[in-house]
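Data first, discussion second: the structure below is written as structure tokens.
Keep in mind the model is a prediction, meaning the values are calculated, not measured.
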Amino acid sequence: MTNGYALTKLQRQQMCRARRQALQKAAWQAGMEAEKYNRIHSSTMESMEKQGLHLVISLSRQQGRCMQGNKELRAFRVCSGKVSTPTPKGHFHVMEKLRDHRSNLYNNSPMPFFMRLTTDGVGLHQGNVRSWPASHGCVRLSYADASFLFECCEVGTPVFVID
């Protein structure tokens with residue numbers, strides 16, 4: 001006896017197939033956009049790598065690297081913005097450093113070792129580092145990585161957010 005809301009086995013299979021196809025298409029499109037972005041900005045990144053200290057944040061890998069020229073000083077895990085509040089991609093510079101910053105948007109939440117990247121509040125700071133994008137747009141770092149980068153980077157340090 002059905003209540004009119006039950007799906008047949010065929011309908012469930014069709015829905016699963018459609019959902020799988022939609023996810024595959026979205027992943028393909030995201031990959032193409034990331035590839036295009038990296039192709040456009042590769043020459044800028046190469047020239048910056050030769051100049052000195054810089055950070056490279058990979059959104060697709062949820063990883064970061066602190067580089068001095070071509071030499072990697074430190075690799076670290078990050079937690080970037082979720083789909084609804086993504087971390088912006090691009091070439092940024094550390095605009096401001098605040099050791100004990102608090103968010104003016106999210107309930108006065110603590111953001112230790114904050115390094116501002118944009119005028120609207122996106123930056124790098126210490127926080128919960130999950131293995132998937134979960135922040136409101138900032139790049140979260142572990143305590144050890146955040147304190148290292150805070151001491152290492154100065155205002156003006158280039159930051160590349162890619163993928």
Side-chain angles (χ1 to χ4, degrees), residues 19 22-42 44-45 47-49 51-163:
R19 190 176 307 129
L23 288 171
Q24 288 171 345
K25 183 178 180 183
W28 179 81
Q29 286 176 332
M32 294 302 289
E33 288 174 14
E35 201 173 291
K36 179 181 175 185
Y37 176 86
N38 290 340
R39 226 181 6 258
I40 291 170
H41 294 87
S42 65
T44 306
M45 288 179 60
S47 66
M48 290 307 293
E49 286 176 0
Q51 291 183 12
L53 184 74
H54 62 281
L55 303 178
V56 179
I57 308 295
S58 171
L59 300 178
S60 65
R61 293 183 179 156
Q62 293 294 287
Q63 293 178 345
R65 294 182 304 159
C66 178
M67 307 286 289
Q68 179 69 46
N70 293 331
K71 181 183 176 192
E72 183 177 286
L73 300 178
R74 188 176 189 121
F76 49 92
R77 290 182 39 222
V78 303
C79 181
S80 64
K82 53 191 171 188
V83 174
S84 58
T85 54
T87 300
K89 293 181 268 187
H91 174 206
F92 305 96
H93 290 88
V94 174
M95 300 169 66
E96 175 183 36
K97 290 173 55 175
L98 300 165
R99 188 174 296 276
D100 296 312
H101 181 63
R102 291 197 163 266
S103 173
N104 59 350
L105 295 176
Y106 301 106
N107 301 325
N108 206 29
S109 297
M111 301 167 119
F113 304 110
F114 184 74
M115 293 186 286
R116 184 180 304 279
L117 299 180
T118 68
T119 55
D120 58 344
V122 174
L124 295 101
H125 63 83
Q126 189 265 321
N128 283 340
V129 178
R130 301 209 165 102
S131 54
W132 63 88
S135 80
H136 290 105
C138 284
V139 177
R140 294 184 197 160
L141 308 162
S142 71
Y143 178 86
D145 294 327
S147 61
F148 172 83
L149 294 175
F150 192 84
E151 296 304 322
C152 186
C153 296
E154 297 179 2
V155 170
T157 300
V159 180
F160 296 96
V161 180
I162 60 173
D163 291 344

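Minimum heavy-atom separation, His91 to Pro158: NE2-CB, 4.1 Å. Across every non-hydrogen atom of Phe114 and Cys138, the tightest pair is CE1-SG, 4.4 Å. Heavy-atom minimum distance, Pro88 versus Val122: CD-CG1, 3.9 Å. Among all heavy-atom pairs drawn from Ser60 and Asp163, the shortest one is OG-OD2, 2.6 Å. Minimum heavy-atom separation, Leu55 to Cys153: CD1-SG, 3.9 Å. Shown here for Cys79 and Val129, the closest heavy-atom pair between the two residues is CB-CA, 3.9 Å.
A salt bridge (Lys or Arg N to Asp or Glu O under 4.0 Å) check over residues 133-159, counting only residues at least two apart or in different chains, returns the pairs Arg74-Asp145, Arg99-Glu151. Pairs of residues two or more places apart, or lying in two chains, never qualify as salt bridge (Lys or Arg N to Asp or Glu O under 4.0 Å) while including a residue from residues 124-139. Residue pairs meeting the side chain to side chain donor-acceptor pair (under 3.5 Å) criterion with at least one member in residues 107-127, sequence neighbours excluded, are Glu96-Arg116, Thr118-Asp120.
Within a 6.0 Å radius of CZ in Arg102, other residues, nucleotides and ligands contribute more than 12 heavy atoms.
Contact annotation: the side chain of Leu149 approaches that of Cys66 to within less than 4.5 Å [non-hydrogen atoms, C-beta and beyond]. Inter-residue side-chain proximity for Thr87 and Ile57 is flagged as unmet; no heavy-atom pair is nearer than 4.5 Å. Between Leu141 and Phe76, some side-chain heavy-atom pair lies under the 4.5 Å cut-off.
Ring geometry for Tyr106 versus His136: interplanar angle under 30°, hence parallel rather than tilted (30 to 60°).
With sequence neighbours excluded, the residues satisfying side-chain hydrogen bond (donor to acceptor under 3.5 Å, both in side chains) with Ser80 are Gln62. A search for ring pair (Phe, Tyr, Trp, His ring centres under 6.0 Å) contacts involving Phe92 returns nothing, not counting sequence neighbours. Under the side-chain contact (heavy atoms from CB on, under 4.5 Å) criterion, Glu72 pairs with Arg65, Met67, Ala75, sequence neighbours left out.
A donor-acceptor pair under 3.5 Å is absent between the side-chain atoms of Lys89 and the main chain of Leu59, judged by distance alone.
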Problem set entry | Stepwise side chain to side chain contact (heavy atoms under 4.5 Å, CB included) check, Leu98 with Phe150 | CA-CA 9 Å; Leu98 300 165; Phe150 192 84; 5.7 Å; no
Exercise. Could you go step by step and tell me if Leu73 and Leu53 meet the side chain to side chain contact (heavy atoms under 4.5 Å, CB included) rule?
Worked result: CA-CA 9 Å; Leu73 300 178; Leu53 184 74; 3.8 Å; yes
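For the atom pair CD (Gln68) and SG (Cys152), the distance works out to 7.5 Å, reported to the nearest 0.5 Å.
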